[in-house]
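Side-chain atoms are counted along with the backbone in the values below, which use heavy atoms only and exclude waters and symmetry mates. Numbers restart at 1 for each chain; the letters A, B, ... are given by sequence-line order, proteins then strands.
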Number of protein chains: 2
Amino acid sequence: MVAEAGQPARRTSAVGPERARRMPRAERREQILDAATRAFARTGYAATGLDDVAAEAGVTHVILYRHFASKGELYRAVLDRACTRLADTVGTDDFDDTSLPALIRAAAADPDGFRLLFRHAAREPEFRDVIDTIRSGSTDVTHRHLADAIPEGPWRDWAARIVPTFTLEAVIAWLDLGQPDPDRAAERIGRAIHGVIQAAHTD
Amino acid sequence: MVAEAGQPARRTSAVGPERARRMPRAERREQILDAATRAFARTGYAATGLDDVAAEAGVTHVILYRHFASKGELYRAVLDRACTRLADTVGTDDFDDTSLPALIRAAAADPDGFRLLFRHAAREPEFRDVIDTIRSGSTDVTHRHLADAIPEGPWRDWAARIVPTFTLEAVIAWLDLGQPDPDRAAERIGRAIHGVIQAAHTD
DNA sequence: GTACTTGTATAGTCGGCCTTAAACAAGAGG
DNA sequence: CCTCTTGTTTAAGGCCGACTATACAAGTAC
């Protein structure tokens, strides 16, 4: 049933199934991480097959294994890179006037990584730990900032939790709409956050 | 290695592995839906095995198939029920002063279903459709409400999107904290929502 | 008591997807 | 030219989980 003989099956003949461009190892690795970020950002870890990632990268799944030992390791590499980029741009210590613009810059620079981290990884028990440090960190910072505005108790806890969540959702919504009006984004989102905080105050 | 002979293996002997209480068909079905809601709410569709659901319900996985044809059908039944309950309590047409208390009542009445719908199902492409009608509906309503406060353009779209999202996240955060101070929950959350809307206004 | 329903236990099939193996093609650099 | 690296193709192997089949136990209702 198969060709069996005849011509040696595509010899750079015609327009063959476009062989992937040859790349030095390091570059290919980054390109795979880019592709994997896009692929995973669409459907999350479980629902994304390695063949999907390979196709997105324009490569065979075999090549993936020459760079990463397993699907889980590839995914962690993707998350780690996104996480590192984020931390490098925003900083992890405190939240001041420069933080929100930085956050928005980071999100715009790597929208798929941003969505992947906070839309998917946050709900995947196996990988939750990657961003849990970020999450608990920002909750703590918020908690401190609210300490003198809201009396101790469940509603301060609630506010400390909802403010970071809202911030991230606001940025993601802005990304999903195509990052319109980037110059005023920080001002707009910042005012909304401020609105939540004001409303949470106990007069 | 196995017993091979001897006593006929548990004959109501001692405290046997607790045989499940016998139930009329309809009641068992509801109880399975309850259990499945809890199980799926923990880890989502893909990561939850039928054996997890069965264990949660205190039955064998075989019994699940006497009530539902497949895992997917069971999951849809769970989502549909949660969705119906929500719609029955809140209503789908408009959003007025009674809607937020109703939403909070619905969430408190079925916290697992609420979380399952908006934490997990919203991110699962196969089942997104179940709540997409709700989501687009509430976005439209919000859009209309904001029509005379925010000029047409991307920021009105953004606000129309972020307000429902914020509302849901605020309720979920309140659920996660153990539903504290339920009498003031609607007032608190309502003020926060109002804060977002106010901040979105263009003066 | 007989028949039906609800349950268990056991054991298997089947398909999907991660993972590995092996042989071959072809650019890059000495 | 020879070799190393980066690719492809093809073909399994292996596990896990959905799904099915069968036989049996025990309430329930007539």
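- Using cut-offs of 30° and 60° for the angle between ring planes, the B:Tyr75 and B:Phe127 rings count as perpendicular.
- At its two ends the helix from C:dG1-D:dC30 to C:dG30-D:dC1 runs along axes set 0° apart, each axis drawn from five pairs and the angle rounded to 10°.
- Note that the OG atom of B:Ser99 and the CG atom of B:Asp96 stand 4.0 Å from one another [nearest 0.5 Å].
- Not one N or O on the side chain of B:Arg115 forms a donor-acceptor pair closer than 3.5 Å with the backbone of B:Ala41.
- Spacing between atom CZ of B:Arg29 and atom C1' of C:dG7 amounts to 18 Å, rounded to whole angstrom units.
- In this structure a side-chain-to-backbone donor-acceptor pair under 3.5 Å is missing from B:Arg191 to A:Ala200.
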Given salt bridge (Lys or Arg N to Asp or Glu O under 4.0 Å), test A:Arg161 with B:Asp176 step by step and report yes or no. CA-CA 10 Å; A:Arg161 212 185 124 127; B:Asp176 288 347; 2.7 Å; yes

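- When rounded to the nearest whole Å, the span between OH of A:Tyr45 and P of C:dC17 equals 13 Å.
- Nearest to the side chain of A:Ser70, among D:dT20, C:dG7, C:dT19, sits C:dT19.
- Between A:Phe68 atom CZ and C:dC18 atom P the separation is 15 Å, expressed in whole Å.
- A:Thr60 comes within contact range of at least one nucleobase, with a heavy-atom separation under 4.0 Å.
- Going from atom CG of B:Leu50 over to atom C1' of D:dT20 covers 13 Å, rounded to whole Å.
- Closest contact between the side chain of A:Lys71 and the listed nucleotides D:dC19, D:dG7, C:dC18 involves C:dC18.
- Distance alone, capped at 3.5 Å, is enough to place a donor-acceptor pair between the A:Arg123 side chain and the A:Phe118 backbone.
- Computed from coordinates, the A:His61 NE2 to C:dC17 P distance equals 13 Å when rounded to whole Å.
- Distance CG (A:Asp51) to P (C:dC18): 7 Å, rounded to an integer number of Å.
- Across all strands, B:Val62 comes closer than 4.0 Å to base atoms (heavy-atom distances).
- Position along DNA chain D of the nearest nucleotide to B:Arg22 versus B:Thr48 favours B:Thr48 as the more 5'-ward residue.
- The B:Arg28 side chain lies nearest to C:dG7 when the options are C:dG7, C:dT19, C:dA11.
- In this entry the distance linking CZ of B:Arg66 with P of D:dT22 reads 13 Å, nearest Å.
- A donor-acceptor contact shorter than 3.5 Å is absent between the side chain of A:Lys71 and the backbone of A:Gly49.
- Atom-to-atom, CZ of A:Arg21 to P of D:dG7 comes out at 9 Å; the value is rounded to the nearest Å.
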